[in-house]
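Input: a single structure, listed below in structure tokens.
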Amino acid sequence: MSNFAQTNLFSPLEIVDVEWGSDPQGVTVGSMGLKICFESLIKISQILVNNGLENKNEIISKHWINVSTTNGIPTNLSYGDYGFGW
């Protein structure tokens with residue numbers, strides 16, 4: 001699993017039920033394959049709603065949340081413009 005995600009997201013939120021697929025070289029497949037329980041998903045969702053904060057500790061920067069949830073590249077697809085895949 002991604003060491004970055006483990007250190008900076010899962011551990012601070014006490015999420016321990018993580019399963020995340022990797023390629024044959026052991027590199028985490030970041031775009032898919034993350035398996036966590038519903039309660040863990042709620043923890044991550046709550047951080048996003050709280051602008052990256054958990055008990056006044058910044059887990060995710062507010063700037064990154066804003067950038068990642070803004071449309072980036074216009075498309076002609078029915079689901080809208082491309083951003084960070086939200």
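In the hydrophobic clustering of ILVMFWY residues, with side-chain heavy atoms under 4.5 Å counting as a link, I59 and W64 come out together. A chain of hydrophobic side-chain contacts below 4.5 Å, direct or via other Ile, Leu, Val, Met, Phe, Trp or Tyr residues, connects I65 to V67. Under the 4.5 Å side-chain heavy-atom criterion for Ile, Leu, Val, Met, Phe, Trp and Tyr, V18 and I42 are members of distinct hydrophobic clusters.
Through side-chain heavy atoms spaced under 4.5 Å, either directly or across other Ile, Leu, Val, Met, Phe, Trp or Tyr residues, V29 is tied to M32.
Remark: N50 pairs with Q46 by the side chain to side chain donor-acceptor pair (under 3.5 Å) rule, at least two apart or across chains. For S11, the side chain to side chain contact (heavy atoms under 4.5 Å, CB included) partners two or more places apart in sequence, or in a different chain, are Q6. Residues meeting the side chain to side chain donor-acceptor pair (under 3.5 Å) test with D17, sequence neighbours left out: S40. When the side chain to side chain contact (heavy atoms under 4.5 Å, CB included) test is applied to I44, the partners found at least two apart in sequence or on another chain are L9, F10, L13, I15, I36.
Distance check: N3 CG to N8 CG gives 10.0 Å after rounding to the nearest 0.5 Å.
Within the structure, side chain to side chain donor-acceptor pair (under 3.5 Å) pairs that include any residue of residues 51-62 do not occur (at least two apart or interchain).
Residues K43 and E14 approach most closely at NZ-O, 3.3 Å, considering heavy atoms.
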